[in-house]
Amino acid sequence: MSKITEVKELVEAGKSKKIGAAVQDALNAGGQPADILQAMVDSMSVVGDKFSAGEIFVPEMLIAAKAMSKGVDVLRPLMAGDNSASLGTCIIGTVAGDLHDIGKNLVSMMIESAGFTMVDLGVDVPAEKFVEAAKENDNVTLIACSGLLTTTMPALKEAVATIKASDLSNCKVIVGGAPVTPEFAAEIGADGYAADAGSAAVKAKELVK
Ligand code: B1M
């Protein structure tokens with residue numbers, strides 16, 4: 001079994017204690033950080049499919065998520081780009097009612113590597129909290145809102161509406177997450193949309209330049 005396949009299987013099985021060493025082994029064997037990360041993202045799709053099929057339940061999803069986070073910790077220093085040219089501060093969070101943070105954390109990592117200073121509000125973030133954070137921090141040029149559930153798409157809409165109704169005229173808003181489409185992003189008045197962490201970083205730069 002290749003080292004990357006081993007990483008994938010350990011995430012699916014939620015083996016948090018073994019994953020760090022396995023990711024390191026995959027790197028030592030010449031694996032590229034982006035490929036190892038993609039293998040872990042793929043594992044989470046498998047986990048989601050098993051959940052949909054009723055083969056596993058919330059606790060198993062949770063332990064797989066923990067394993068993935070530990071694997072990402074090993075890759076994080078290797079994924080950081082040149083952020084010497086500051087593009088300002090980006091406030092990021094997962095919207096109210098939503099506890100999913102793996103995708104948001106990857107997006108945060110990639111936007112940071114594009115040259116932003118990140119302020120991460122975590123998960124279950126009420127709309128007003130994005131505005132408060134944007135006012136409390138210096139030079140906020142971007143607010144990034146993540147949502148993973150179809151049931152929290154209205155919370156994304158509320159977050160964008162609340163930000164747009166505040167006096168943060170120089171601040172752009174980007175949204176994303178599995179159920180979000182470019183059409184939905186446009187409909188709720190977001191300035192930008194991205195389908196994944198890599199394109200979120202590209203879009204973030206584009207929005208503030
Ligand atoms: Co949940 N969950 N979950 N879950 N979970 C999904 C999302 C689901 C698709 C599983 C399924 O049914 N197949 C389903 C949603 C269905 C729907 O709404 N259509 C679901 C459900 C139903 C639920 C609960 C309701 C289950 C329950 O309690 N009965 C519950 C809700 C809790 C809540 O939030 N209130 C729940 C709970 C959980 C756990 C807490 C157990 C755990 C999350 C732990 C954590 O995040 N720390 C969990 C997990 C792990 C998943 C799956 C398996 C994996 C999510 C993940 O991390 N993916 C997921 C199934 C799946 O995704 N296939 C599922 C990997 C990650 C890298 O991808 O998050 O999509 P993703 O992020 C991507 C893009 O979406 C994008 O870039 C990221 C990286 O490329 N992106 C952005 C994300 N944010 C962005 C922001 C941007 C731009 C791009 O700009 C700002």
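Counting from 1, the numbers follow the sequence of the chain as shown. Everything quoted here is computed from the prediction, not taken from an experiment.
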Looking at [X] and [Y], what are the two nearest heavy atoms and their distance?
X: F116; Y: V208; result: CZ-CG2, 3.7 Å
X: K203; Y: G192; result: CE-CA, 4.1 Å
X: I92; Y: K104; result: CD1-O, 3.7 Å
X: I56; Y: M61; result: CD1-CG, 4.3 Å
X: C145; Y: I163; result: SG-CD1, 4.2 Å
X: A134; Y: L168; result: CB-CD1, 3.7 Å

Can you check whether [Y]'s main-chain N or O pairs, donor with acceptor, with [X]'s side chain at less than 3.5 Å?
X: S43; Y: K8; answer: yes
X: E60; Y: F57; answer: yes
X: S2; Y: T5; answer: yes
X: T94; Y: H100; answer: yes
X: D98; Y: D124; answer: no

| request: Test K164 against D191 for salt bridge (Lys or Arg N to Asp or Glu O under 4.0 Å), laying out the working first. | output: CA-CA 10 Å; K164 289 292 172 188; D191 300 299; 2.7 Å; yes
From [X] [atom1] over to [Y] [atom2], what is the distance, rounded to the nearest 0.5 angstrom?
X: K17; Y: K70; atom1: NZ; atom2: NZ; answer: 10.0 Å
X: I91; Y: N137; atom1: CD1; atom2: CG; answer: 4.5 Å
X: I4; Y: D25; atom1: CD1; atom2: CG; answer: 12.0 Å
X: E128; Y: E158; atom1: CD; atom2: CD; answer: 6.5 Å
X: K209; Y: L87; atom1: NZ; atom2: CG; answer: 5.5 Å
X: L142; Y: I111; atom1: CG; atom2: CD1; answer: 5.5 Å

Do [X] and [Y] land in one hydrophobic cluster if side-chain heavy atoms of ILVMFWY residues count as linked below 4.5 Å?
X: I188; Y: V173; result: yes
X: M110; Y: L148; result: no
X: M40; Y: F51; result: no
X: L149; Y: F184; result: no
X: V119; Y: I174; result: no

| request: Evaluate salt bridge (Lys or Arg N to Asp or Glu O under 4.0 Å) for D73 paired with R76, printing each intermediate quantity in order. | output: CA-CA 5 Å; D73 285 348; R76 185 169 289 113; 2.8 Å; yes
| said: Quick one, K3 with Q24, criterion side chain to side chain contact (heavy atoms under 4.5 Å, CB included). Give me CA distance, side-chain angles, the key distance, then yes/no. | reply: CA-CA 9 Å; K3 295 291 178 192; Q24 194 56 57; over 6 Å; no
| message | Can you confirm whether more than 12 heavy atoms, excluding those of D138, are under 6.0 Å from its CG atom? | response |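 Open.
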| request: Count the heavy atoms of every other residue, nucleotide or ligand shown that sit under 6.0 Å from CG of N170, and state whether that count exceeds 12. | output: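 At most 12 heavy atoms, drawn from other residues, nucleotides or ligands, come within 6.0 Å of this atom.
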| field | Verdict with supporting geometry, K129 and E132, salt bridge (Lys or Arg N to Asp or Glu O under 4.0 Å) | value | CA-CA 5 Å; K129 192 88 198 326; E132 277 168 29; 5.2 Å; no
With the side chain counted from C-beta on, respond yes when [X] and [Y] share a heavy-atom pair under 4.5 Å apart, and no when they do not.
X: L121; Y: F130; answer: yes
X: L27; Y: L75; answer: yes
X: I36; Y: V74; answer: no
X: L106; Y: L37; answer: yes

| message | Run I19 and V7 through side chain to side chain contact (heavy atoms under 4.5 Å, CB included) and show every step you take. | response | CA-CA 7 Å; I19 193 72; V7 167; 4.0 Å; yes
| field | V95 vs V175, side chain to side chain contact (heavy atoms under 4.5 Å, CB included): CA-CA, chis, key distance, verdict | value | CA-CA 10 Å; V95 295; V175 296; over 6 Å; no
| task | Please test E12 against K50 for side chain to side chain contact (heavy atoms under 4.5 Å, CB included), starting from the C-alpha separation and ending with a verdict. | result | CA-CA 10 Å; E12 279 171 42; K50 286 186 178 169; 4.3 Å; yes
| query | Does any donor atom in the side chain of S199 or D196 lie under 3.5 Å from an acceptor atom in the other side chain? | reply |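 Present: a donor and an acceptor within the cut-off.
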